There are 2 protein chains.
Amino acid sequence: MAKKKDDAAKQAPYSLTELDKKTLKLIENTAIKVRSKILARNLPEMRFPTRSLSNVKYDAKVGYFELGRGTTGRTLTVNTVKNFAQTLRLMSISKEMVEGNDHATKREAYYVSKNWGECKFNDQPESDAVMDDIEALASLDGLTREQLRYRPEEHGGAVAGELVVVDRDRETGAPIEIDCTRLGSGSYSIPSDVERLQFKTAAKFVLAIETGGMYERLNEHKFWKKEHCILISTSGVPSRACRRFIRRLSDEKNIPVYAFVDCDPYGIANIYRTLKVGSGNAAHINQFFCVPRAQYLGLTPQDILDFKLEDATHPLQEVDVKRAKDALKNDPFFQAHKPWQKALEQMLKMGVRAEQQALAKWGLNFVIEQYLPKKLANRKGFLP
Amino acid sequence: MAKKKDDAAKQAPYSLTELDKKTLKLIENTAIKVRSKILARNLPEMRFPTRSLSNVKYDAKVGYFELGRGTTGRTLTVNTVKNFAQTLRLMSISKEMVEGNDHATKREAYYVSKNWGECKFNDQPESDAVMDDIEALASLDGLTREQLRYRPEEHGGAVAGELVVVDRDRETGAPIEIDCTRLGSGSYSIPSDVERLQFKTAAKFVLAIETGGMYERLNEHKFWKKEHCILISTSGVPSRACRRFIRRLSDEKNIPVYAFVDCDPYGIANIYRTLKVGSGNAAHINQFFCVPRAQYLGLTPQDILDFKLEDATHPLQEVDVKRAKDALKNDPFFQAHKPWQKALEQMLKMGVRAEQQALAKWGLNFVIEQYLPKKLANRKGFLP
C-alpha cells in the first residue's frame, strides 16, 4: 500500500486535456458574448437547444435519438434576470472546477447557490433545469455535462474481465492501471465521470448484464477468461457513467457489445433500448451516452421455447402489455427494426416474460455451459 | 493482463474452509436426524428459531438486536410435506454449492425448484420464507446465509483508501491483493459474499458515507491519504455485504468506524441504526451484519447550527416527524442512548433536516478542509 509521507507532497498542477480546453473556450465565449452586448448597451441573449420530443429525430444509420435544430432563446429581462444570472454562475463554477480538476454533483451545485444571496435556487428542480440547458448547449460542441464537471449521483456499474482501465494519479499525473482480471470475486466500480479514463484490452466482446446475481456468477466462474470478454453489470437501466464507459470502451477498442437482459418489455424497451439508442427526453445527451453498436444476445421470447423455460416464466402484467404495445406503436427504434417488432409480437402472443436467472431451472451453471455458448455460436441471430 | 492458454488449465480442487466444514456438518446433521426418525418409523421434525419482533432482545452491551430462544417446530404431516421437502432440497443444494465453491441468489434458488416437479415453489416469497428459516437455523451455529452459499442480489458498496483486500484465485487458490489506493477515481466494488476475504491495513478508521457524491469527492481528493483511513460508500442503507464487510474489517483489524450521513430521521434511524445494531425483523442475522462499534460523526442537528447551514435545510415532512417519533417511542436502540434522544428531540424542535452535501454552501471542499477535520478533532463528541 502506498504510504508516503504525504503531508509534504505537493500536488502537481493539473494539466488540461484538449476537451478541458474546449470546455473553457465554450464558457469564455458565452461570457464574452453576454459582456459585449451589455457594454454596447444591448440586452444580452443566450440560446439553448430545445429539449423536448418535438425536437428529436431517429435515423437507424446514425443509431440514436438526435437533437434537432430547434433552439430557445433567453433574453435578459426583469423576468429572466435571476435565471440568467444563475446560468452564468453555474458556468462560472464549471470553469473553476475544470481549472482545479474538481467535480460537483447536481445536488452540490444546488447547495452552492445557497450562498448567492437573492440569486439562490429555491429547489433542485430549478437548478437541474438550468443545468440541463447548459448541458444541451455544451452538447452542440460535443461536450458532456461530465466535462463541465457536473456529475451524476448514481452508481456507475461493476466491471470484471480482460480489461485494464488506465486512470491518472491526481497528484502526480502518473498512470494508474487497474487490471480487471485481478479483482477476485470483487469488481471495478465505474466512477461517475469516465471521460479521462483510457483502456487496454484484447477482449473479443463486452457483455452487459442486467442483474448483479448473473454478473457475479459469470465473474466467479471466470466466464471472461473462457470467452476473452469483459463483463459489465448494469444493475437494471445502465447509469450515464456505465453507458458512457461502454460506449468509449467499445468505440476506442472497436469491440462488439452484447446485452444479456431479462426477456420482458422493461428489459427490452427500457434497459436495452436506453443502452443502444438513448432516451427520448434527453436527446441532447444521446450522442455520448448510447451504444449504437450494442446487440441483443437474450433472453428472447424464442429462447423461452428453445430452452424450454415455459414453466419458469411469469404472466405478462397489464403494465408489461402496455409497455410492449407502446414500444410497437410509438417508439421509433422498434419501428425501424422489423425483427424487434416480431419479437415483441411473439412475446405478447405468448403472454409471458422470463428472467435471465430462469435458466437456473436447468442447473445453476446451465447459463455458462449451455446457454451462452449456444447463443455466441450464432451471433448473426442476435436481435438488432 | 493474465492471458494464459486457459482451456487446458485445470481447476485446483476447492479446499474447504473451517466454516465450510461447519456448514456441511450442520446440513448433514439435519439430514441424519430426519432420516433416523423416518427409519425408526417416527414422524421427523425440524425446529427453527422464531423470526419475529416478539423473539428479539436488545442489550446495549451486546450491541445489536439479538434473536431470542423461541423456536417453531415443523413436523412432517400431509400439510407440511411439500414445505418439508423443499427445506431439505434447498439445504441439499447448499451442500453441493459449498463442495463446488459455487453460489446462488435467492432468485436462482427459486428457479432451480422449477425442475423439482410437484415440489416446486409457486412464487419467490415461498422460497424466501423457507430460506429465512434455514438461515435462522444456521445462525444458531454462527453461520450466515452467505456461508450456505445463498447470496443477496443487491449491490455491495464501493471502497477506496488505505486497505488491501486479499481474495483468492478460484482456480489456483493463489492470493489476489487488491490495493484500494490504486484504483484512481474508481473503486473496489464489494462482492455479495465477503466471508472469505482477508484484509491488510494500517488505517486509523473507516468512514462509512451515505451518498455516492460525497464519497467520490472524498476519494478524488484523497481524503483517505490525508487522514489514513478507508472510505466506504453505502449508497443509502448499507447492503448485507457492505455491513458484513465493514464488520469483519473493523473486527479483524480493530479499527473504529464512523458514519457520515444526512441529518434526517431516515439517515439516523434507518441507515445508521441498521449499520450499528441491525434491524428488528431480521434479528437472526444481526450478530453478523451489524457494526456495534460504529459511531455517528454527523451531520447532527447541532451541526446545522454550528456550521450555519440553516438556509440549506429542508422542513421535516410528516413522514420524517413520524419516523423520528417512532424511533423515540419504540426503538430499543434510541431508548438505550440518552444523547440520541436529545438529538432527535432537537431535530423535531428545529423542524428541519439537512443533507451532507449541504456543506457545499460554504464551498465544494469545505467538507474536506473544515467540517471533517473539526469533527475528527473531537471524536468523544460523536453520537453513540
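Each chain gets a letter, A, B and so on, in the order the sequences are listed, and its residues count up from 1. Since the model is a prediction, treat every value here as computed from it, not as a measurement.
- Side-chain contact between A/Arg217 and B/Arg151: present, with at least one pair of heavy atoms (C-beta onward) separated by less than 4.5 Å.
- Remark: A/Phe199 pairs with A/Phe245 by the ring-ring contact (aromatic ring centres under 6.0 Å, His included) rule, at least two apart or across chains.
- Of all the listed residues (B/Arg196, B/His221, B/Lys106), the one sharing the greatest number of non-hydrogen pairs under 4.5 Å with chain A is B/His221.
- In terms of heavy-atom pairs under 4.5 Å with chain B, the best-connected choice from A/Asn219, A/Asp193, A/Leu183 is A/Leu183.
- When all heavy atoms of B/Glu108 and A/Ala360 are compared, the closest pair comes out as O-CB, 3.8 Å.
- The only member of A/Lys361, A/Gln357, A/Glu355 that meets side-chain hydrogen bond (donor to acceptor under 3.5 Å, both in side chains) when paired with B/Tyr111 is A/Glu355.
- In terms of non-hydrogen atom pairs under 4.5 Å with chain B, the most contact-rich of A/Gly212, A/Pro175, A/Ser187 is A/Ser187.
- For residues 362-370 of chain B, the interface with chain A (any heavy-atom pair closer than 4.5 Å) comprises B/Trp362, B/Leu364, B/Asn365, sorted by residue number.
- Interface remark: B/Tyr110 contributes side-chain atoms only to the contact with chain A (heavy atom separation under 4.5 Å).
- Scanning all heavy atoms of the two residues, the minimum distance from A/Gly213 to B/Thr105 falls at CA-CG2, 3.5 Å.
- The structure places CG of B/Asp311 at 8.0 Å from CG of A/Asn115, a figure rounded to the nearest 0.5 Å.
- Contact annotation for A/Leu309: neither backbone nor side-chain heavy atoms come within less than 4.5 Å of a heavy atom of chain B.
- A side-chain N or O of A/His103 and one of B/Glu220 form a donor-acceptor pair less than 3.5 Å apart.
- A donor-acceptor contact closer than 3.5 angstrom is absent between the side chains of A/His314 and B/Asp123.
- Listed options B/Val165, B/Ile178, B/Val194 were ranked by heavy-atom pairs under 4.5 angstrom with chain A; first place goes to B/Ile178.
- In this structure, OG on A/Ser185 lies 11.0 Å from CD on B/Glu195, to the nearest 0.5 angstrom.
- The nearest pair of heavy atoms linking A/Ser189 to B/Ser189 is CB-CB, 3.8 Å.
- Across all non-hydrogen atoms, the minimal contact from A/Ile176 to B/Arg182 is CG2-O, 3.3 Å.
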